[in-house]
Chemist: 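One structure is given below, represented as structure tokens, and several questions about it will come after.
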Protein chains: 4
Amino acid sequence: MTKNKIKAVAYRQLAEKGYDRATLSSIAKEVGIKTPSIYAFYKNKEDLFMAVYKDLLQDYYLYMIKAIEQTSNKGVKERLYQIVEDLCHYHLSQPEKTTSYMKLSFFLPPTLNDEVKEIFSEMEEALCDVIKGIFSEGIEKGQLKKQSIDDLTASFLCLMDGIFLEMHYYQYHTFKQRVQQVWNIFWNGICMNMHQRD
Amino acid sequence: MTKNKIKAVAYRQLAEKGYDRATLSSIAKEVGIKTPSIYAFYKNKEDLFMAVYKDLLQDYYLYMIKAIEQTSNKGVKERLYQIVEDLCHYHLSQPEKTTSYMKLSFFLPPTLNDEVKEIFSEMEEALCDVIKGIFSEGIEKGQLKKQSIDDLTASFLCLMDGIFLEMHYYQYHTFKQRVQQVWNIFWNGICMNMHQRD
Amino acid sequence: MTKNKIKAVAYRQLAEKGYDRATLSSIAKEVGIKTPSIYAFYKNKEDLFMAVYKDLLQDYYLYMIKAIEQTSNKGVKERLYQIVEDLCHYHLSQPEKTTSYMKLSFFLPPTLNDEVKEIFSEMEEALCDVIKGIFSEGIEKGQLKKQSIDDLTASFLCLMDGIFLEMHYYQYHTFKQRVQQVWNIFWNGICMNMHQRD
Amino acid sequence: MTKNKIKAVAYRQLAEKGYDRATLSSIAKEVGIKTPSIYAFYKNKEDLFMAVYKDLLQDYYLYMIKAIEQTSNKGVKERLYQIVEDLCHYHLSQPEKTTSYMKLSFFLPPTLNDEVKEIFSEMEEALCDVIKGIFSEGIEKGQLKKQSIDDLTASFLCLMDGIFLEMHYYQYHTFKQRVQQVWNIFWNGICMNMHQRD
DNA sequence: CATGAATGAGCCTTCATTCAT
DNA sequence: AATGAATGAAGGCTCATTCAT
């Protein structure tokens, strides 16, 4: 279906060049159609990229939610670690998506901003809820020190953001190593360690 | 001096709109000159933004180095915390610089990329060295657990990156709170805590 | 067809004003379209004028070759004279082409130079061959004095160049007269004149 | 004297790039001054190039007149040949002047055209007169066949134009050879050859 | 004399978009 | 559904020129 091919290319070029340099004509050329044909499927450049953005966000969201749910029968530590792992895996396995995602975050054309931000907020909230649930459980079960759940969540999300950013600077191996360390330190900071952290 | 005014405006618009949308004509208009006048001072759009970028990087670098040096007589914990504080202060006190800085990181026009990356690497290396020094000292003095210094440094930088990214999403108050938490957890993960973390 | 109309106008303006002053916008205006429309047909200003040049050279070449071939059943003197006549006729009947042709020779934008020169060389070579053939025949038949064919050809081409240049300076009548004289002198210099030149 | 240096550079660049591409700023750069400084010496770009053109024409004219006069005690053949030689020498020894001269002929900015043409005509007339004188003498002395002096002059000038144009296409050696041949043929066409041409 | 600063005019080019086919 | 043709708007840039210093 041409419509999807257009979206896919738009999305690839968004990652590569950003919104402004991802020209409708360059997209058309890569798809193998003429520029005006795009208008048969999308009202606008804005419209096209709105579709791309929505896909992008939803894709990430669905992936994370699903990944987290699959760990529901594991312990708190495993679950949290799994989330970090999943985050890494998601971005590492499709770096283009990640780049798009970043450009999306920092470089939205003003018009798109509001609508995208809304979707973004909704998603974040949902993800937050899941994570909060895990922390609640951890505290209830005595695996985590008693702490404000909101604080823990915020802290965890911050860690994920850090990792997310670093992914850009470092190469695969270096990156993996760093994730490991940050995780250890994080976990040791929040877990209920009897005499010693493990 | 017009030359500096141009650079300042370019820099403000870079933060606001990014490289592509920071038009020479829009810059000229804000400065209060006509577009071709820019060429009396800068060879190019690229040239102008190269100047902006160099300033940006150098400014940040000098600030951090100086800030760190001013803590040289304090203890390890204080020094590390101070660095985090300084990072925050730097970006919070001049959010435009930060935004520029981010756009710079993710959205360089291809030509500028190499030269900027080089400057960037040099700076990062210098910063790294300072931080490594602090960790060495901490371990020697028995304030930190014995750990690979490289690992500690990497971990600390990752934390700073996370904070850096978060600065964008959250508002002042929320942000400050999060920094606090991340810091606590980080410190507790690395310090030589006798019986209890403080 | 707009594409051809653009080329025709470009060609007229090239003759009138030369490459630099033949602005895309002035061409567009004369054609009755807006400047960017030109880009629907030609990639570039360079591209457009490349097309003009190629046409120009080919047109001249085809005309001369055809004209020469039509004299193949005549004597050497008649054939050579006919070539001179054809050259004059070609340029006199469409002076714009000639002017373009000259500007082309002396004032090519550097980029076009190489490609055009190549075409030009090919053409010249082909024309040379035909003329050499005529001289060979003339000598074999004893109508011309024995002389190096290469020299004769060179000499004849020089004569044509002279005429070509003069066409620019003088008005029709004067010019025609001069051609006559140069031809007489040339022919008398090369023909096998018994006692007297005729 | 800066004024003359400017003219010299203007003249060199005219030869190299033609009027339009010989920018005031590129001239200034080569001279080693700033663009507006040119206006201290010349009212205009047009004014500057008018000066260049006048020099060019006068230089050529003076050279030819002087060269011809120096042969006044020689025979007709020698004198005519010497003129051809001088023409060649003039252009070959300073090819830049020649190129300027040609661009001047074919590519004058419309404004300059009239004034330059006038100077040009005056010069040509003066040169014509000298040549006519030589031919008159040749006929009177019985060295040349009786022919209209105007025709002979026209014919000779045409020969010079041809040579002038060819100078552009061919390299030194080839060119010299051609000149020789054309000259022979020309002379044989006009001289009073008893039984045989020499 | 020389120049730094500034500018109006204009050039080539690209882009998103429209519309008839 | 697709495209050829066309365009308004705008962008980066160069040029000749002016003017105050």
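To find a chain, count down the sequence lines: A is the first, B the second, and so on, and within it residues start at 1.
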Chemist: How close or far is atom C1' of F/dA6 from atom NZ of C/K3, stated in whole angstroms?
Modeler: 16 Å
Chemist: Who passes salt bridge (Lys or Arg N to Asp or Glu O under 4.0 Å) against A/K5, sequence neighbours left out?
Modeler: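 Here no residue qualifies.
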Chemist: B/K7: which residues meet the salt bridge (Lys or Arg N to Asp or Glu O under 4.0 Å) condition with it, sequence neighbours left out?
Modeler: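 If we apply the salt bridge (Lys or Arg N to Asp or Glu O under 4.0 Å) test to B/K7, skipping adjacent residues, the hits are B/D55.
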Chemist: Tell me, please, which residues at least two apart from A/Y61 pass side-chain hydrogen bond (donor to acceptor under 3.5 Å, both in side chains).
Modeler: none
Chemist: With a cut-off of less than 4.0 Å, is there a side-chain N or O of A/T2 near OP1 or OP2 of F/dA2?
Modeler: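 Indeed, a polar side-chain atom of A/T2 lies that close.
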Chemist: Between F/dT7, F/dT3, E/dA2, spot the one nearest the side chain of D/S37, thanks.
Modeler: E/dA2
Chemist: Nearest-Å distance, NZ (A/K5) to C1' (F/dA1)?
Modeler: 15 Å
Chemist: By nearest heavy atom, map C/S25 and B/I33 onto DNA chain E; which one lands nearer the 5' end?
Modeler: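 Going by which nucleotide is closer to the 5' end, it is B/I33.
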Chemist: Select one nucleotide: of F/dT3, F/dA16, E/dT3, the one nearest the side-chain heavy atoms of D/T23.
Modeler: F/dA16
Chemist: Using the test ring pair (Phe, Tyr, Trp, His ring centres under 6.0 Å), find all partners of D/Y63 that sit at least two apart in sequence or belong to another chain.
Modeler: D/Y90
Chemist: With respect to the side chain of C/K34, which nucleotide from F/dA16, F/dA2, F/dG8 is positioned closest?
Modeler: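 Of the options given, the side chain of C/K34 lies nearest F/dG8.
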Chemist: Whole angstrom is fine here: how far is it from CD1 in B/I38 over to C1' in F/dC15?
Modeler: 17 Å
Chemist: Would you please name every residue forming a salt bridge (Lys or Arg N to Asp or Glu O under 4.0 Å) with B/E30, sequence neighbours left out?
Modeler: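 Residues passing salt bridge (Lys or Arg N to Asp or Glu O under 4.0 Å) with B/E30: B/R12.
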Chemist: Run the salt bridge (Lys or Arg N to Asp or Glu O under 4.0 Å) test against A/K29 and tell me which residues pass, sequence neighbours left out.
Modeler: none
Chemist: Hey, what are the protein-to-nucleotides 17-19 of chain F N/O distances that come in under 3.5 Å?
Modeler:
residue	atom	partner	partner atom	Å
F/dT17	OP1	D/N44	OD1	3.1
F/dT17	OP2	D/Y39	OH	2.8
F/dT17	OP2	D/K45	N	3.0
F/dT17	O5'	D/Y39	OH	3.1

Chemist: So D/Q13 and D/K17, side chain to side chain donor-acceptor pair (under 3.5 Å) or not? Walk me through it.
Modeler: CA-CA 6 Å; D/Q13 295 206 4; D/K17 335 188 212 176; 3.2 Å; yes
Chemist: Starting from P on E/dC12, measure out to OH on C/Y42 and report it in whole angstrom.
Modeler: 16 Å
Chemist: Rounded to whole Å, please give me the gap between CE in D/M1 and C1' in E/dA2.
Modeler: 15 Å
Chemist: Could I get the full list of side-chain hydrogen bond (donor to acceptor under 3.5 Å, both in side chains) partners for B/Y60, not counting sequence neighbours?
Modeler: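 Listed in chain order: nothing, the list is empty.
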Chemist: For the pair made of CG in C/L48 and C1' in E/dC11, what is the distance, rounded to whole Å?
Modeler: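 Distance check: C/L48 CG to E/dC11 C1' gives 15 Å.
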Chemist: May I have the distance from C/D20 (atom CG) to E/dG10 (atom C1'), rounded to whole angstrom?
Modeler: 13 Å
Chemist: Would you mind reading off the distance between D/I27 atom CD1 and F/dT14 atom P, rounded to a whole angstrom?
Modeler: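 It works out to 17 Å between those atoms.
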Chemist: Requiring both pairing distances under 3.5 angstrom, list the stems that contain DNA chain F and are made of three or more consecutive Watson-Crick or G-U pairs.
Modeler: E:2-21 with F:2-21
Chemist: For the CD atom on C/Q58, are there more than 12 heavy atoms of other groups (residues, nucleotides or ligands in this structure) within a distance under 6.0 Å?
Modeler: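 At most 12 heavy atoms, drawn from other residues, nucleotides or ligands, come within 6.0 Å of this atom.
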